[in-house]
Structures are given as structure tokens and as C-alpha cells.
Amino acid sequence: MNSLFKQQVFEIIRLIPEGRVTTYGAIAKAVGYPKHARHVGNALRSYDEDFPAHRVCNSSGRITASCLAGFTEKLNREGVAVRGDKIQNFKVIFWNPMEEL
DNA sequence: GGGCTGACGCGCT
DNA sequence: AAGCGCGCCAGCC
């Protein structure tokens, strides 16, 4: 994949407000690659510190990241309730990147 | 070059 | 409600 893809993905994630979350698919669509949801996650396997990767989950509001515990803790600190791997009020706090472009 | 993997998503059982 | 199957495609071996 070209680095532009990653770059745009990272750019969008940085725009996610505190206390809000979005999905891999939504980001993929927003950057013009609707079928590349997997690669959004793939690009996030490694990320810089201070990068809010914990604000990204799958389309059903579940955290599928490797470090679930860490993300849950970060989300809780931002006021996002998480039970198990499921984000509570997902539909309410979902942030749509499409509306920001 | 080929097979396997995967932080996904959607439709069908 | 909960799985299962399949499409998708960049990396990694």
C-alpha cells in the first residue's frame, strides 16, 4: 500500500475528539479505500506514543486490538465506558470522519 | 513467486 | 442472538 494511505489514516485518527471513537471501515471510506478496513488496523499495529489508536474499533463497537487492557484504561480516562471489549454507547459517541471532510 | 495472516465488514444461516 | 463464509489486499516469510 502506498504511504499516502497510511498518512491519511493517521491524519484522520488524530482528528478524533477525546471521548469519541470511530471505526476502521469508516476511516477506510473516508480516505477513499472502502475495502481496506483491514489495512487501517494493520497500519496501526505500531504507532507513535501520544497517538490515539485506542479511539479506533471495529464496526460493532468492539476493541479488537492486541492490548485491550491498555486501550480500555485510556478510554475510561477519557470518559468512554468499556465493558469487556465492548464500548458502551458506541452509537452515541461514534465520530464519523466523513462529516469532517 | 506463492501461501498465510490479519486491530475488518457484511450478508446469510 | 451468535456464528460462519467469503471478499478484500498489503506485508511477511
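In what follows, chains are A, B, ... by sequence order, proteins preceding strands, each numbered from 1.
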Between atom [atom1] in [X] and atom [atom2] in [N], what is the gap in whole Å?
{"X": "A:Y24", "N": "B:dG9", "atom1": "OH", "atom2": "P", "result": "8 Å"}
{"X": "A:I27", "N": "C:dC8", "atom1": "CD1", "atom2": "P", "result": "22 Å"}
{"X": "A:K86", "N": "C:dA1", "atom1": "NZ", "atom2": "C1'", "result": "14 Å"}
{"X": "A:H39", "N": "C:dC12", "atom1": "NE2", "atom2": "P", "result": "13 Å"}
{"X": "A:R38", "N": "C:dC9", "atom1": "CZ", "atom2": "P", "result": "11 Å"}
{"X": "A:D85", "N": "B:dC8", "atom1": "CG", "atom2": "P", "result": "11 Å"}
{"X": "A:Y33", "N": "C:dC8", "atom1": "OH", "atom2": "C1'", "result": "14 Å"}
{"X": "A:K35", "N": "C:dA10", "atom1": "NZ", "atom2": "P", "result": "13 Å"}

Which nucleotide wins on minimum distance to the side chain of [X], given the candidates [options]?
{"X": "A:T64", "options": "B:dC8, B:dG6, C:dG11", "value": "B:dC8"}
{"X": "A:L44", "options": "B:dC10, B:dA7, C:dA10", "value": "B:dA7"}
{"X": "A:T23", "options": "B:dG9, B:dA7, C:dC8", "value": "B:dG9"}
{"X": "A:S59", "options": "C:dG11, C:dC8, B:dG9", "value": "B:dG9"}
{"X": "A:A37", "options": "B:dG9, C:dC9, B:dG6", "value": "B:dG9"}

- Which nucleotide, in any strand shown, forms a Watson-Crick or G-U wobble pair with C:dC8, with both distances under 3.5 Å? none

- Has A:S66 got a side-chain N or O lying under 4.0 Å from the OP1 or OP2 atom of B:dA7?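 So the side-chain polar atoms of A:S66 never come under 4.0 Å of the phosphate oxygens OP1 or OP2 of B:dA7.
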
- Message: Looking at A:D85, is its backbone amide N or carbonyl O close enough to the side chain of A:R62 to form a donor-acceptor pair, meaning the two atoms are under 3.5 Å apart?
- Response: no

- Query: Counting only N and O atoms by type, is there a donor-acceptor contact under 3.5 Å from the side chain of A:N42 to the main-chain atoms of A:R38?
  - Reply: no

- Atom CD1 of A:I27 and atom CH2 of A:W95: how far apart are they, to the nearest 0.5 Å? 8.0 Å

- Message: Which label fits A:F5 and A:H36: parallel for a plane angle under 30°, tilted from 30 to 60°, or perpendicular past 60°?
- Response: tilted

- Identify whether the distance between the nearest side-chain nitrogen and carboxylate oxygen of A:E73 and A:R77 falls below 4.0 Å. yes

